[in-house]
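We use all heavy atoms of the structure for the numbers below, so side chains are in, but hydrogens, waters and symmetry mates are not. A, B, ... follow the sequence lines: proteins, then strands. Residue 1 opens every chain.
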Amino acid sequence: MERERIHRRLLQWYRHRRRPLLWRQRSWTPYEVLVREVMLQQTQSSRVEQALPAFLQRFPTLQALAAAPLADVLQQWAGLGYYARARALWRCARLLLERYGATIPEDERLLRRLPGIGPYTSAALLVFAFGRQDVPLIDTNIRRVLLRVTGLAATPPAPAQLRELARAWIPTGASAEWHEALMDLGATICTARHPRCSECPIGQWCRSAHRVPPPPPRSARREPEFAGLPRRLWRGRLLRLLVERNPLPLKHAAELLFGPAPSVEQRRWLLELVAALERDGLLDRRNGILCLPNAPQAPRESIPSAGEPR
DNA sequence: AATACGTGGAC
DNA sequence: TGTCCACGTAT
């Protein structure tokens with residue numbers, strides 16, 4: 001059958017990559033998979049491959065991560081962006097330590113209630129950490145590849161149907177490798193804009209091969225800016241400063257961001273950024289001094305029990 | 001339901 | 001060289 005040919009060819013292609021991805025080079029504990037997948041949520045795999053070993057060396061176990069002050073976790077996260085992910089991961093580790101004896105539950109409903117774990121990460125844990133064969137993992141790469149191979153790209157099915165389609169495509173006993181191979185293919189060959197169909201290992205069976213994909217729709221909205229830069233860039237700059245020189249007087253932060261004599265407007269903007277970061281739990285402000293939040297003072301976290309509606 | 005988040009990379 | 005873009009989670 002055609003599908004089985006595709007299975008064989010794609011798995012063969014993935015196994016014989018010139019430089020195997022980091023996660024193919026050894027086996028991983030569930031905790032390590034959790035850290036890896038949270039990192040992969042918004043960060044290209046090449047950068048995760050650089051940052052992950054250092055992070056795991058510093059926090060080798062879930063207990064080590066849970067015991068660390070948040071400030072240390074944020075510092076180890078420096079350069080990866082989306083610092084809220086690091087905080088969610090840290091909260092997740094503490095919850096798992098408190099409620100599940102530092103084990104990661106093998107249950108989608110429980111996983112989904114943990115901070116920072118959504119549909120992608122819960123499925124990734126089940127597939128990569130627990131070897132589940134019946135759980136489809138769908139990220140945008142996998143979605144794009146499957147829809148193209150099946151010729152459904154122009155008329156994508158509803159999420160529930162896509163799930164069933166993805167589940168039906170999992171080759172017997174090779175779920176983890178299959179999903180890794182699909183993501184790798186989507187990232188390197190079956191790309192969104194300019195797919196390299198002539199290099200594709202399964203191009204001969206692909207119903208969309210050598211067809212120009214429709215241009216993705218562009219977002220219409222502009223993000224809020226200050227002095228020509230989007231808010232999130234200022235936010236990232238401030239957090240980066242703080243990670244490098246924690247603690248940091250507000251006055252110094254203003255000078256480092258804006259120069260020796262910050263204007264009223266610039267100081268006002270800084271206060272906005274500080275307030276937003278405080279709300280997100282990524283920064284504390286005490287007596288005009290900014291600092292990274294510390295673990296011991298953090299309020300005890302709680303999560304709703306599994307039976308409650310979301 | 002629509003939007004914010006952030007960095008490196010594509011073009 | 002700058003401009004645009006990715007994409008899972010939380011809200």
Side-chain angles (χ1 to χ4, degrees), chain A residues 33-52 55 74 76-92 95 108 111-128 136-145 147 156 158-159 162-163 166 179 182-184 186-196 213-226 228-244 257 272-283 301 303-304 309-310:
Chain A
V33 172
L34 172 63
V35 174
R36 179 231 287 178
E37 295 303 329
V38 170
M39 268 194 196
L40 282 168
Q41 278 171 10
Q42 297 289 342
T43 306
Q44 287 142 339
S45 63
S46 59
R47 306 193 51 236
V48 170
E49 290 194 82
Q50 280 184 281
L52 185 56
F55 192 96
L74 294 175
Q76 194 59 51
W77 201 263
L80 287 168
Y82 291 97
Y83 291 85
R85 290 184 297 168
R87 178 169 181 268
L89 179 63
W90 171 80
R91 290 175 59 214
C92 180
L95 286 168
E108 182 169 11
L111 289 172
R112 285 292 302 278
R113 293 180 176 280
L114 294 165
I117 298 187
Y120 168 79
T121 309
S122 63
L125 280 165
L126 294 173
V127 171
F128 297 135
L137 173 62
I138 301 175
D139 71 348
T140 52
N141 277 331
I142 291 179
R143 177 189 151 90
R144 185 176 60 250
V145 172
L147 291 182
L162 180 65
R163 254 180 93 80
H179 287 106
L182 282 177
M183 286 192 277
D184 205 10
T188 59
I189 289 178
C190 194
T191 56
R193 305 230 155 204
H194 305 288
R196 297 141 67 182
R218 301 172 60 191
S219 74
R221 292 275 300 229
R222 278 174 67 99
E223 39 189 337
E225 290 185 352
F226 182 78
L229 288 177
R231 172 207 300 275
R232 56 188 167 79
L233 259 55
W234 287 107
R235 186 183 147 105
R237 283 185 182 189
L238 175 55
L239 206 45
R240 189 66 184 263
L241 276 180
L242 196 54
V243 160
E244 284 165 2
L257 282 175
E272 263 186 56
L273 296 175
V274 166
L277 286 167
E278 260 186 310
R279 276 196 299 277
D280 292 344
L282 295 172
L283 174 155
E301 306 277 358
I303 58 173
R310 295 202 69 178

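- Arg232(A) has its CZ atom 15 Å from the P atom of dC7(C), to the nearest Å.
- Separating the P atom of dC7(C) from that of dA10(B) is a span of 13 Å, rounded to the nearest Å.
- One can place CZ of Arg193(A) at 10 Å from P of dC7(C), the figure rounded to the nearest angstrom.
- The side chain of Tyr120(A) lies closest to dT9(C) when the candidates are dT9(C), dC7(C), dC5(B).
- In this structure, the CZ atom of Phe226(A) is 19 Å from the C1' atom of dA4(B), given to the nearest Å.
- Protein atom CG of Asp280(A) is 12 Å distant from nucleotide atom C1' of dT9(C), rounded to whole Å.
- Between the side chain of Gln42(A) and the base of dG8(C) there is at least one donor-acceptor pair of N/O atoms closer than 3.5 Å.
- Candidate nucleotides dG6(B), dA4(B), dG9(B) were compared by shortest atom distance to the side chain of Tyr83(A), and dG6(B) ranks first.
- Under the 3.5 Å distance criterion, the side-chain polar atoms of Trp234(A) are left unmatched by any main-chain donor or acceptor of Leu273(A).
- Note on Pro119(A): only backbone sugar-phosphate atoms sit closer than 4.0 angstrom, heavy atoms only; bases stay farther off.
- The nearest whole Å value for the distance from the CD atom in Glu225(A) to the C1' atom in dT3(C) is 12 Å.
- In this structure, Arg87(A) atom CZ and dT11(C) atom C1' are separated by 14 Å, rounded to whole Å.
- Here the closest non-hydrogen pair linking Gly116(A) and Gln41(A) is O-NE2, 3.0 Å.
- Electrostatic pairing of Arg144(A) and Asp139(A) does not count as a salt bridge here, judged by no charged N lying under 4.0 Å from a carboxylate O.
- For dG6(B), there is no paired base (Watson-Crick or G-U wobble, both distances below 3.5 Å).
- dT11(C) and dG6(B) have their P atoms separated by 14 Å, with the value rounded to a whole Å.
- Residue contacts shown for Arg235(A) are limited to sugar-phosphate atoms, with no base heavy atom under 4.0 Å away.
- We find that Arg231(A) and Glu225(A) are not joined by a salt bridge, their nearest charged nitrogen and carboxylate oxygen being 4.0 Å or further apart.
- Here dG8(C) is the nucleotide among dG8(C), dG6(B), dC5(C) with the atom lying nearest to any side-chain atom of Thr140(A).
- Between Leu238(A) atom CG and dC5(B) atom C1' there is a gap of 15 Å when expressed in whole angstrom units.
- Within the nucleic acid shown, Leu233(A) comes within 4.0 Å of at least one base atom, counting heavy atoms only.
- With distances taken from any side-chain atom of Gln44(A) to the nucleotides dG9(B), dC7(C), dC5(B), the minimum falls on dG9(B).
- Side chains of Arg196(A) and Thr188(A): a donor-acceptor N/O pair is absent below 3.5 angstrom, by distance only.
- Sequence order on DNA chain B of the closest nucleotides to Arg231(A) and Arg47(A) puts Arg231(A) first from the 5' end.
- Residue contacts shown for Asp139(A) are limited to sugar-phosphate atoms, with no base heavy atom under 4.0 Å away.
- Thr43(A) comes within 4.0 angstrom of nothing in the nucleic acid, heavy atoms only.
- Going from atom CZ of Arg85(A) over to atom C1' of dC5(B) covers 10 Å, rounded to whole Å.
- Within the shown strands, nothing qualifies as a pairing partner of dC7(C) under the Watson-Crick or G-U definition with both distances less than 3.5 Å.
- In this structure, Arg87(A) fails the cation-pi test against Trp90(A), since its NZ or CZ atom is not both closer than 6.0 Å to the six-membered ring centre and inside 45 degrees of the ring normal.
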